[in-house]
Participant: 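Quick one: the structure is below, questions incoming.
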Amino acid sequence: MSDIAGRSAQPLQAGTAHVVTLRGELDLLTAPALRARLDMLTAGPCPDLVLDLRPVSFIDCTGLGVLCRVRNRVSARQGRLRLVTDSTSLRRVLRHTGMAGVFELLPGMPVGVAGPPATDTVDSAVL
């Protein structure tokens, strides 16, 4: 797995899915760079995006806004967005904000995507 702090490698296409591993905090400070990166990945038709949120330590309302934005972009382009998380606190935040059923949440990497490790890693703490 490429782990270049503050930079993104070219996304690995496992099948057709772009896998992006996010690390650190998703908040007001890191949202603009993350938004730009995810906009680039969802610019084409039928994007298939898997966001691995397991290494995320904190998410605020701005981070949730970025996730909602990418979901809307993917949906508008007839694509698919999957969030990988084993965090009960993130699930609780989604439930309390009324967004529990909005995202496709997975406890681990989906079958067919878990083969080679993801190469697109965004260390949000350094963005």
Participant: Take R69 and D39, measure what side chain to side chain contact (heavy atoms under 4.5 Å, CB included) needs, and give me the verdict at the end.
Facilitator: CA-CA 9 Å; R69 175 186 171 85; D39 282 356; 2.7 Å; yes

Participant: Any side-chain heavy-atom pair from I59 and L90 closer than 4.5 angstrom?
Facilitator: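 With C-beta onward as the side chain, the pair touches.
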
Participant: Is a donor from one side chain sitting under 3.5 angstrom from an acceptor on the other, for T30 and D27?
Facilitator: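 D27 and T30 do have a side-chain donor-acceptor pair below 3.5 Å.
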
Participant: Do you know which two heavy atoms are closest between T21 and P55, and how far apart they sit?
Facilitator: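 Residues T21 and P55, closest heavy atoms: CG2-CG, 3.8 Å.
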
Participant: How far does CZ of R35 sit from OG1 of T62, to the nearest 0.5 angstrom?
Facilitator: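 Atom-to-atom, R35:CZ and T62:OG1 are 8.0 Å apart.
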
Participant: Could you tell me which non-hydrogen atom of R82 sits nearest to which non-hydrogen atom of A17, and how far apart they are?
Facilitator: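 Answer, listing the atom of R82 first, then A17: NH2-CB, 3.8 Å.
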
Participant: Is it the case that the side chain of R71 and the backbone of L67 share a donor-acceptor pair, with hydrogens and angles ignored and the cut-off at 3.5 Å?
Facilitator: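 No, because the side chain of R71 does not come within donor-acceptor range (under 3.5 Å) of the backbone of L67.
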
Participant: Pair L22, L34 - check side chain to side chain contact (heavy atoms under 4.5 Å, CB included), show working.
Facilitator: CA-CA 9 Å; L22 303 177; L34 177 59; 3.6 Å; yes

Participant: Work out which heavy atom in T42 is nearest to a heavy atom in P47; give both atom names and the distance.
Facilitator: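 Heavy-atom minimum between the residues: CA-CB, 4.1 Å.
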
Participant: Do L64 and L94 come close enough that some side-chain heavy atom pair is under 4.5 Å?
Facilitator: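 In contact.
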
Participant: Between D48 and H18, is any pair of side-chain heavy atoms under 4.5 Å apart?
Facilitator: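 Not in contact.
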
Participant: Is there a side chain to side chain contact (heavy atoms under 4.5 Å, CB included) between L51 and L81? Walk through the geometry before answering.
Facilitator: CA-CA 8 Å; L51 298 180; L81 172 66; 4.0 Å; yes

Participant: I'd like to check Q78 versus P45 (side-chain heavy atoms, cut-off strictly below 4.5 Å). Are they in contact?
Facilitator: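 Heavy-atom side-chain distance check fails, nothing below 4.5 Å.
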
Participant: Does the side chain of L49 reach to within under 4.5 Å of the side chain of V20, using non-hydrogen atoms?
Facilitator: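 They are in contact (side-chain heavy atoms under 4.5 Å apart), so the answer is yes.
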
Participant: Check whether V66 and M40 end up in the same hydrophobic cluster, where Ile, Leu, Val, Met, Phe, Trp and Tyr are linked by side-chain heavy atoms less than 4.5 Å apart.
Facilitator: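 Unlinked, V66 and M40 end up in two clusters.
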
Participant: Mind checking the NE2-OG spacing from H96 to S89? Nearest 0.5 Å is all I need.
Facilitator: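 Between atom NE2 of H96 and atom OG of S89 there are 10.5 Å.
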
Participant: Counting distance only, does the side-chain N/O of S57 pair as donor-acceptor with the main-chain N or O of G24 below 3.5 Å?
Facilitator: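 Indeed, once roles are kept as given, a pair shorter than 3.5 Å links the two residues.
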
Participant: Mind checking whether V19 and M109 have side chains closer than 4.5 Å, heavy atoms only?
Facilitator: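 SC-SC contact between V19 and M109 confirmed.
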
Participant: Please examine the side chains of C46 and R77, heavy atoms only from C-beta on, and report whether any two atoms are closer than 4.5 Å.
Facilitator: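 Heavy-atom side-chain distance check fails, nothing below 4.5 Å.
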
Participant: Please tell me if the side chains of D60 and L28 come closer than 4.5 Å, counting only heavy atoms from C-beta onward.
Facilitator: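 Yes, their side chains come closer than 4.5 Å.
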
Participant: Okay, side chain of R91, backbone of T85: is any donor-acceptor separation there less than 3.5 Å?
Facilitator: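 A pair under 3.5 Å: yes.
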
Participant: According to a hydrophobic-cluster definition based on side-chain heavy atoms being under 4.5 Å apart (Ile, Leu, Val, Met, Phe, Trp, Tyr only), do F58 and F103 belong together?
Facilitator: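 Different hydrophobic clusters.
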
